[in-house]
Amino acid sequence: MFLRIIRRSLTRGLKSKLLAIVAIAFGASLATAMFSVSLDIGDKINNELKSYGSNIVVEPESESLPVKVNGVDFNPITQNKDYIPEKHIPKIKMIFWRHNIVNLAPYLEANAQLSEDQRVAVVGTWFDRKIRIPTGEKFNFGVKHLKSWWEIQGDWIKNGDNKALALVGREVAEASNLKPGDELNLDFNINGQTVNKKVKVKGIIDSGGKEESKVYLPLNLLQEITGLKDKVAKVEVSALTTPVNDLARRAQENPDALSDEEFEKWYCTAYVSSITYQIEEVIPGVVAKEVRQIAQSEGVILNKIKLLMFLVTLAALISSGLGISSIMTTKVLERRQEIGLLKAIGSSNLGVIALFVTEISLLGVLGGVLGYGLGIGFASLIGQQVFGTAISVKLLVMPIILVLSIIVALLGSISPLRIALKLEPAEVLHG
Amino acid sequence: MGLITLENVSKIYGEDVKALDNISLDIKEGEWVSIMGPSGSGKSTMLNLIGCMDTPSKGVVKIDGIDISELDKKELTKVRREKIGLVFQQFHLVPYLTAVENVMVAQYYHSMAEEEEARKALERVGLGHRGNHLPKELSGGEQQRVCIARALINYPKLILADEPTGNLDKENENIVLDLFNELHDQGHTIMMVTHDPKVGQLAERQINLDHGKLKDTPQISKERGLVS
Ligand SMILES: Nc1ncnc2c1ncn2[C@@H]1O[C@H](COP(=O)(O)OP(=O)(O)OP(=O)(O)O)[C@@H](O)[C@H]1O
Ligand SMILES: [Mg+2]
């Protein structure tokens with residue numbers, strides 16, 4: 001009978017019910033958008049951290065000497081510059097905090113002449129290199145993972161492709177009118193001799209950064225061309241790290257100044273400084289540095305955006321609740337007679353409340369579903385407009401939104417329900 | 001002792017509105033009592049007290065031996081649900097429920113909704129064929145008969161009716177009064193507020209209220225039957 005009453009009463013006063021659903025949907029849609037965006041942006045922040053995000057750079061010791069003044073390289077030993085042996089790179093994945101090493105990529109740079117008046121920076125790197133470490137675990141390392149935000153028109157260069165293939169930055173491609181499949185002629189100047197190499201363009205890089213003005217070759221290919229076998233100039237590492245605290249700051253200044261206990265604590269915490277320290281331990285002659293300032297400020301901005309979205313959503317939910325409250329108050333007043341009558345013929349207060357709460361919850365669910373649908377739209381709009389990427393909607397958001405919608409609907413109904421509770425049958429039924 | 005006993009009952013609204021003023025009254029089981037008096041004399045107030053929708057400011061109201069002045073709201077609801085059937089002047093049906101569902105609601109709150117039985121109750125008031133109609137699709141007289149069916153459905157000892165024919169034309173009034181007659185014959189105790197002396201005379205006993213006081217000793221009317 002209860003359900004029969006509910007079913008019947010749902011068909012009544014459709015207009016105000018629709019209004020209630022819309023009120024809930026309004027808040028729910030913003031909440032959906034907020035949750036989806038924050039959950040997804042959370043991942044994106046991580047990606048961002050990894051990207052700008054190669055948060056550690058490993059270079060040969062001599063490279064880190066302060067010899068660049070005003071951008072001019074005063075390093076006197078350019079000719080026999082120091083390099084990192086490529087074979088040492090997998091060791092980075094074998095440090096104490098190896099599980100925190102998310103990805104890495106080595107780089108070797110050279111210059112090449114594209115045409116008579118066009119010089120271009122050529123970078124050798126791993127694109128998607130399969131690495132096996134002595135524990136037997138296998139990993140795929142390279143820029144494909146490290147620079148996950150790169151968009152490639154055409155294809156990535158695959159694992160093991162040391163053939164004459166290249167990824168070309170968008171700027172270079174446009175200047176030379178290249179598209180995937182075209183041939184690219186590179187003239188290198190190696191120790192005064194011109195070395196010519198023809199490579200096939202596999203893909204074009206859109207990164208939004210300086211990569212767009214470079215040409216990327218498989219590391220081993222560039223090593224061959226330049227005669228720098230097994231050598232890399234720099235390794236970018238992406239590591240998950242614990243926020244820096246006082247201990248980490250002191251350790252960064254001088255690890256030797258720590259007491260044994262402090263040292264142990266620091267060493268066994270995934271501070272970026274302890275990770276760089278451990279990298280320096282496993283590869284002799286290198287300096288590992290933290291380069292995460294950019295990433296951090298990005299993170300801070302994103303967190304502020306999240307906070308803002310949260311506040312907007314909260315405001316939207318509150319106004320939804322207030323909307324529900326005024327709609328329900330009108331409803332309850334409209335239905336005073338009916339409430340009084342139900343009480344007069346024997347319904348307890350609980351019975352009356354149960355009717356209304358069920359009805360409101362149903363409206364909450366409907367509003368939630370509608371809001372969820374709208375919210376997905378909002379989220380992708382926000383994703384496109386604000387963050388420039390598609391937002392993937394997590395299924396997890398759906399139940400959260402439904403529960404939230406019901407809660408908002410019920411909270412909004414508290415004061416109208418109190419009116420219903422206080423109502424005396426004699427007041428409304430007097431003859 | 002009767003089914004209903006009022007002992008020195010007063011109902012005072014605010015400071016000085018004495019809706020009922022020191023009333024003592026005894027109504028036996030199976031009696032048909034009509035309550036008469038000018039507007040504002042306290043008729044509805046008295047019915048509300050007996051109907052457990054209100055509590056007296058002073059005095060004792062006993063129904064079936066239970067002193068309702070000592071009950072809380074929940075217990076009052078229970079007494080009302082189990083012992084009392086209510087009929088109102090303005091029909092008061094749940095607008096979105098059909099006739100039969102309106103009867104079933106009372107069953108539902110009393111014990112358990114049974115459509116079969118609810119339909120029988122509608123048949124008793126001559127509305128067997130209108131069970132699936134909404135109140136707005138029924139005439140005033142028909143709506144009032146649905147109310148009576150609803151008041152009867154749980155076999156209450158006591159039927160309270162506040163001007164049940166007040167909003168009806170002669171023809172419908174007669175149908176409704178016939179129903180009350182039947183109920184009375186079946187042994188229900190009936191208290192009915194009315195303005196119409198002819199209707200009042202149908203009762204075995206009339207109570208006259210004036211300014212919250214009993215006007216004269218209730219007398220038994222000998223003539224009972226239809227007023228045409
Ligand atoms: N809730 C209330 N608050 C204040 N005064 C009230 C209230 N209910 C009734 N009264 C007063 O109590 C007196 C009796 O009211 P009651 O409704 O019992 O009259 P009645 O005899 O039923 O009148 P009518 O024939 O018009 O229905 C009236 O003066 C009325 O104004
Ligand atoms: Mg009255």
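Residue numbers begin at 1 in each chain, while the letters A, B, ... track the order of the sequences.
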So does Arg7(A) pair up with Glu101(B), basic N to acidic O under 4.0 Å?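 No.
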
Look at atom [atom1] of [X] and say whether more than 12 heavy atoms of other residues, nucleotides or ligands are closer to it than 6.0 Å.
{"X": "Glu116(B)", "atom1": "CD", "result": "no"}
{"X": "Tyr108(B)", "atom1": "OH", "result": "yes"}
{"X": "Phe310(A)", "atom1": "CZ", "result": "no"}
{"X": "His195(B)", "atom1": "NE2", "result": "yes"}
{"X": "Arg12(A)", "atom1": "CZ", "result": "yes"}
{"X": "Tyr155(B)", "atom1": "OH", "result": "no"}

So for Lys43(B), is it side chain, backbone, both, or neither that comes closer than 4.5 Å to the heavy atoms of chain A?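 Neither; nothing under 4.5 Å.
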
Leu93(B) portion near chain A, given a 4.5 angstrom heavy-atom threshold: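 The backbone, not the side chain.
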
Test item: Arg80(B) side-chain N/O and Ala344(A) main-chain N/O as donor-acceptor pair under 3.5 Å: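 Checking the backbone N and O of Ala344(A) against the side chain of Arg80(B), a donor-acceptor pair under 3.5 Å is found.
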
Could you check whether any side-chain heavy atom of [X] comes within less than 4.5 Å of a side-chain heavy atom of [Y], counting everything from C-beta outward?
{"X": "Val105(B)", "Y": "Met1(A)", "value": "yes"}
{"X": "Tyr109(B)", "Y": "Leu342(A)", "value": "yes"}
{"X": "Met104(B)", "Y": "Arg4(A)", "value": "yes"}

Quick check: under 4.5 Å, non-hydrogen atoms only, which of residues 313-337 of chain A neighbour chain B?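 Heavy-atom contacts from residues 313-337 of chain A to chain B are Arg335(A), Gln337(A).
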
For the residue pair Gly346(A) and Arg81(B), what are the closest heavy atoms and their distance?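 In this case the closest contact between Gly346(A) and Arg81(B) is O-NH1, 2.8 Å.
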
Ile5(A) and Leu97(B): which non-hydrogen atoms are nearest, and at how many Å? CA-CD2, 4.2 Å

Rounded distance (nearest 0.5 Å) linking atom [atom1] of [X] with atom [atom2] of [Y]:
{"X": "Glu338(A)", "Y": "Tyr96(B)", "atom1": "CD", "atom2": "OH", "answer": "3.5 Å"}
{"X": "Ile345(A)", "Y": "His92(B)", "atom1": "CD1", "atom2": "NE2", "answer": "11.5 Å"}
{"X": "Leu341(A)", "Y": "Gln90(B)", "atom1": "CG", "atom2": "CD", "answer": "11.5 Å"}

Toward chain B, the part of Arg8(A) with a non-hydrogen atom under 4.5 Å: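 Backbone plus side chain of Arg8(A), per the 4.5 Å heavy-atom cut-off to chain B.
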
Largest heavy-atom contact set with chain B, pairs under 4.5 Å, which of Ser348(A), Gly351(A), Ser9(A):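 Sorted descending by pairs with chain B, the first entry is Ser9(A).
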
Closest-packed option against chain A by number of heavy-atom pairs under 4.5 Å, given Lys74(B), Lys78(B), Met53(B), Glu82(B): Met53(B)

